[in-house]
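So the structure is just underneath, and the comments pick up after that.
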Amino acid sequence: MASLSLTQIRSKNSMADFARPRPRTTWARPNRVGLKVFASSEARAEPDLSVTVNGLRMPNPFVIGSGPPGTNYTVMKRAFDEGWGAVIAKTVSLDAAKVINVTPRYARLRAGANGSTKGQIIGWENIELISDRPLETMLKEFKKLKEEYPDRILIASIMEEYDKAAWEELIDRVEQTGIDAIEINFSCPHGMPERKMGAAVGQDCALLEEVSGWINAKATVPVWAKMTPNITDITQPARVALTSGCEGISAINTIMSVMGINLDNLRPEPCVEGYSTPGGYSSKAVHPIALAKVMNIAKMMKSEFGDKDLSLSGIGGVETGGDAAEFILLGANTVQVCTGVMMHGYGLVKKLSDELKDFMKAHNFSSIEDFRGVSLQYFTTHTDLVQRQQEAIQQRKAIRKGLKSDKDWTGDGFVKESESMVSN
């Protein structure tokens, strides 16, 4: 889901961009990372939540994840007004006429007995497709948002069929609106796999490499690849995306699921005219799974890509500042929230920011970079855990036994040395 380097970009934005040398990988990357800095000169007593990701400056690491919270101008404007660090719009494609959503399209899982309406919501399933609004309408709204909020980060989420020309046209059209970056939806678990869209690409590394090559040869702004968790080893497609020229990884998208069966009428949920289809699972219950996937990606990025200007955006069950801190401790630069906004509203960002600051104060961290990736070092193999425990046991036994030889007695520590060999 890295230090910065400067290179000249081609930008449609009105804000000045700075030059920075781009890292090179197996694929030749186009020059497209620009530094947009809107820094305050005031000294801050509070922890600094601002982050700079692929040259894009955000007031905090909290990003609206692609989905209903970024579905039109009105809600994206609300997100900026409430203080979100960035907004990723709902995924768009060239032909919205092919996108037909159904209602109801959500189902919730609550802690407690099946069907209980009192338990806490811990899971959320959706069978929602990408944006069903005309592309022209969405593009006009992107442009309007960038005109009204030139110093805020707007990211377009895009998805197309297996067609190079279609991808190139879509990229060109969204970039003309002045958006700051692009997130590629390689991960939607349901909808149109027969058209090689979404997870159908993210689960096929050969296809992913080819499509990423098309995208990165065309794009002039940073590109994030959004990964599906519905795969055995998520580091494989993440590695392919980065090697093919993407600047960032977003992880995870939703987990393929069947929310449950109504035990009164024996029908699956969400129920549409008595029927349903597997959908994407999100919310609090997926958080531990998302942490594991992000940890694996972060370790791979650190060991194989080092200090290159790459980023990781963590997604999955974020409802508190502590949830966000966990992703950052595992190496995430930013943290995306989608279902959490649907449950708690856009004002959630204030709670997230306050709680993250409280965490930082408790550990004397002054910036996000102070603790980003700190916990990665504590993950190892089971074999290593066994060895570490055996060594610790032997050390404790040695301490309990006390001195091994008369020559080890010292004058200064004589009393403690005596006590170390007492049995009661």
Side-chain angles (χ1 to χ4, degrees), residues 1 44-53 58-65 67 69 79 82-88 108-112 119-124 227 229 234 249-255 281-299 301-302 311-379:
M1 223 167 168
R44 299 184 180 183
E46 290 282 291
D48 183 7
L49 296 185
S50 67
V51 295
T52 300
V53 184
M58 304 178 191
N60 59 63
F62 299 114
V63 178
I64 292 288
E82 290 285 353
W84 288 84
V87 172
I88 303 177
R108 297 176 294 195
L109 178 67
R110 294 180 182 270
Q120 179 186 16
I121 297 172
I122 60 172
W124 186 290
M227 296 287 101
I234 198 170
I249 297 294
S250 301
I252 57 175
N253 206 325
T254 53
I255 301 169
Y281 189 48
S282 61
S283 194
K284 189 181 297 291
V286 311
H287 186 65
I289 299 170
L291 289 176
K293 301 291 186 182
V294 166
M295 181 272 293
N296 285 326
I297 294 172
K299 290 190 74 173
M301 291 175 67
K302 184 176 182 180
S311 65
L312 178 57
S313 190
I315 316 167
V318 173
E319 295 182 36
T320 69
D323 296 333
E326 290 178 305
F327 275 122
I328 298 169
L329 285 164
L330 292 180
N333 303 80
T334 59
V335 178
Q336 296 186 31
V337 187
C338 181
T339 307
V341 178
M342 298 172 70
M343 294 169 57
H344 304 294
Y346 292 90
L348 176 64
V349 69
K350 295 180 175 62
K351 174 177 179 287
L352 296 174
S353 296
D354 288 343
E355 291 175 350
L356 184 57
K357 284 182 179 180
D358 288 342
F359 161 79
M360 293 171 68
K361 290 175 184 177
H363 293 276
N364 294 317
F365 295 135
S366 60
S367 71
I368 297 297
E369 285 300 313
D370 283 351
F371 67 99
R372 188 172 69 83
V374 164
S375 296
L376 277 182
Q377 62 187 307
Y378 302 117
F379 287 91

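Taking 4.5 Å as the limit, every side-chain heavy atom of M227 sits out of range of all side-chain heavy atoms of I252. Side-chain atoms of K357 and L49, non-hydrogen and from C-beta on, do get closer than 4.5 Å to each other. For the pair E326/H287, a side-chain contact is recorded, criterion being any heavy-atom separation below 4.5 Å from C-beta on. Annotation: side chain of V337 is in contact with side chain of V318 (closest heavy-atom distance under 4.5 Å). In this structure, V335 and D323 have side chains that are not in contact, with every pair of non-hydrogen atoms separated by 4.5 Å or more. Contact of the L291 side chain with the F327 side chain is registered, since non-hydrogen atoms from C-beta on lie closer than 4.5 Å. Two residues are said to be in side-chain contact when any heavy atoms from C-beta on lie closer than 4.5 Å; S250 and I315 meet this criterion.
For the residue pair I255 and P229, the shortest heavy atom distance occurs at CG1-CG, 3.7 Å. The heavy-atom pair separating G331 from A298 by the smallest distance is CA-CB, 4.4 Å. Closest of all the heavy-atom pairs between A86 and M58 is CB-SD, 3.9 Å. Scanning all heavy atoms of the two residues, the minimum distance from P61 to I328 falls at CG-CD1, 4.3 Å. Contact detail for G314 and A332: the closest heavy-atom pair is N-CB, 3.9 Å. The shortest heavy-atom contact between M342 and P69 is CG-CG, 4.0 Å.
Distance check, rounded to the nearest 0.5 Å: CG of L352 to CZ of F62 gives 4.5 Å.
Partners of F371 according to the ring-ring contact (aromatic ring centres under 6.0 Å, His included) rule, which considers only residues two or more places apart in sequence or in another chain, are F359, F365. Under the ring-ring contact (aromatic ring centres under 6.0 Å, His included) criterion, W84 pairs with no residue, sequence neighbours left out.
Between E319 and K351, no side-chain nitrogen of the basic residue sits less than 4.0 Å from a carboxylate oxygen of the acidic one, so the salt-bridge criterion is not met.
Side-chain N or O atoms of D48 include none that pairs as donor or acceptor with a backbone N or O of S366 at under 3.5 Å.
Inspection of the S313 and T334 side chains reveals an N or O donor paired with an N or O acceptor under 3.5 Å.
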Could you please spell out the steps behind the side chain to side chain contact (heavy atoms under 4.5 Å, CB included) verdict for M360 and E46?
CA-CA 9 Å; M360 293 171 68; E46 290 282 291; over 6 Å; no
